[in-house]
Participant: 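What follows is a single structure, and I will ask about it in a moment.
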Amino acid sequence: MLEHIPENPYLLLTPGPLSTSKGVRAAMLRDWCTWDEDYNQGVVQDIRRRLVTLATENPTGYTAVLMQGSGSFGVEACLGTAVSPKDKVLILANGAYGLRMAQFLQTMGRPYTLLQFPETVQPDVAALTAALEQDPAITHVAMVHCETTTGILNPIEDLAACAKSFGKTVMVDAMSSFGGIPLAMDRLGIDFLVSSANKCIQGVPGFSFVLAREDLLAQCQGNAHSHSLDLYDQWKTMAPTGKWRFTSPTHVVRAFQQALVELEQEGGVAARHARYQENQRLLSQGMASLGFLPLLPEACQSPIITSFRYPTPDFDFLSFYQRMKQRGFVLYPGKISQADTFRIGNIGQVFPQDIHTLIHTIRDIKEM
Ligand SMILES: *Cc1c(COP(=O)(O)O)cnc(C)c1O
């Protein structure tokens, strides 16, 4: 049956939406009724259970809430619902996604303070400790796991432990890492974690999800700044019934369930992590041999996406991009101001063999 699913014209080496399997794309070829139990029980509740199992060592006391919209909608829903107007959030930022959390709080008028680091530097525990000691009004600490801006991996284990030692609520944007890097919320002390359908679980874009400690979410009634982004309300409807409050992206949701099954078949998060790491290792090794240096030191480089410096000041990324696309690879521009960079993602239906072919292709193009 999968032979009838068309091949993609090129491989997406991007931070998502990313290349998906034919099985995931095939799962979208039928329609679903949002009222019927085939969908609510068979698909939605199954996804919610699988997500909690992926996110924890012991699932008791944790819940998953699915939310319409891209990942940012989930982050906004989580901040707007978990943070009351009387609370104050400390945001650790070393890239665009940390700053976006500040933008959400700014727009909704919730108190926050920003602890900002350069884009190539990990937030550190000493700075977090000092900030928490200085401002006892802080109730929540929000951070990004893999800052997709550069591909830097932030030390959330240490940062969450520090925030917890001060008794703070911990929120993590694990958008680009969840499902691709092993992580247990209960062991790390993460209270709220946000991710979306089209990153390391390898589904297609269309919704986000929040994993939360149930006892904390239960205290969030009436907090939300927005009715449609009220995570508490969505949870109250979804947890007992599998229903979303408003129309859900049924095909996308069914594809996501298939993506979760394929993640399990691959061997779970540990196996996927190993594949991404191997992709990244081959990528940075191959690129170095062609004169492309990584932006980040190896110690904080994630296996998700890698930023490369332009090899020469007159490097023409757009023309490189077009030639690579003709040869079957779609790359990603850089997102930082400090240096001229472009990015190559390792996530999605991408295997070490693809990276070998990629490196050969770049070598060909460079020699032209
Ligand atoms: C992709 C991503 C988001 C969400 O972006 P959307 O475009 O709204 O899906 C948020 N944070 C991080 C770290 C991301 O990689």
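Nothing here was measured: the structure is a model prediction, and the numbers come from that model. Atoms within a ligand are numbered from 1 in the order they appear, just like the ligands themselves.
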Participant: Just say parallel, tilted or perpendicular for the rings of Phe308 and Phe342, cut-offs at 30° and 60°.
Facilitator: tilted
Participant: Decide whether Val210 and Met67 are clustered together by the hydrophobic rule: side chain heavy atoms of Ile, Leu, Val, Met, Phe, Trp, Tyr closer than 4.5 Å, transitively.
Facilitator: yes
Participant: Name all pairs fulfilling the ring pair (Phe, Tyr, Trp, His ring centres under 6.0 Å) condition that reach into residues 159-203, sequence neighbours left out, sorted by first residue then second.
Facilitator: Phe178-Phe209
Participant: According to side-chain hydrogen bond (donor to acceptor under 3.5 Å, both in side chains), who are the partners of Tyr310, at least two apart in sequence or on a separate chain?
Facilitator: none
Participant: Check whether the side chains of Tyr97 and Ser176 place a donor and an acceptor atom closer than 3.5 Å, and report yes or no.
Facilitator: no
Participant: Quick one, list the residues around ligand 1 where some non-hydrogen atom comes in under 4.0 Å, by chain and residue number.
Facilitator: Ser70, Gly71, Ser72, Tyr97, Arg100, Val144, Cys146, Thr148, Asp173, Met175, Ser176, Lys199
Participant: Just list the side-chain donor-acceptor pairs under 3.5 Å for residues 53-66, sequence neighbours left out, or say none.
Facilitator:
from	atom 1	to	atom 2	distance (Å)
Thr53	OG1	Arg49	O	2.9
Thr56	OG1	Val52	O	2.7
Glu57	OE2	Arg187	NE	2.7
Asn58	OD1	Thr60	N	3.1
Asn58	OD1	Thr60	OG1	2.9
Thr63	OG1	Arg48	NH2	2.9
Thr63	OG1	Trp235	NE1	3.4

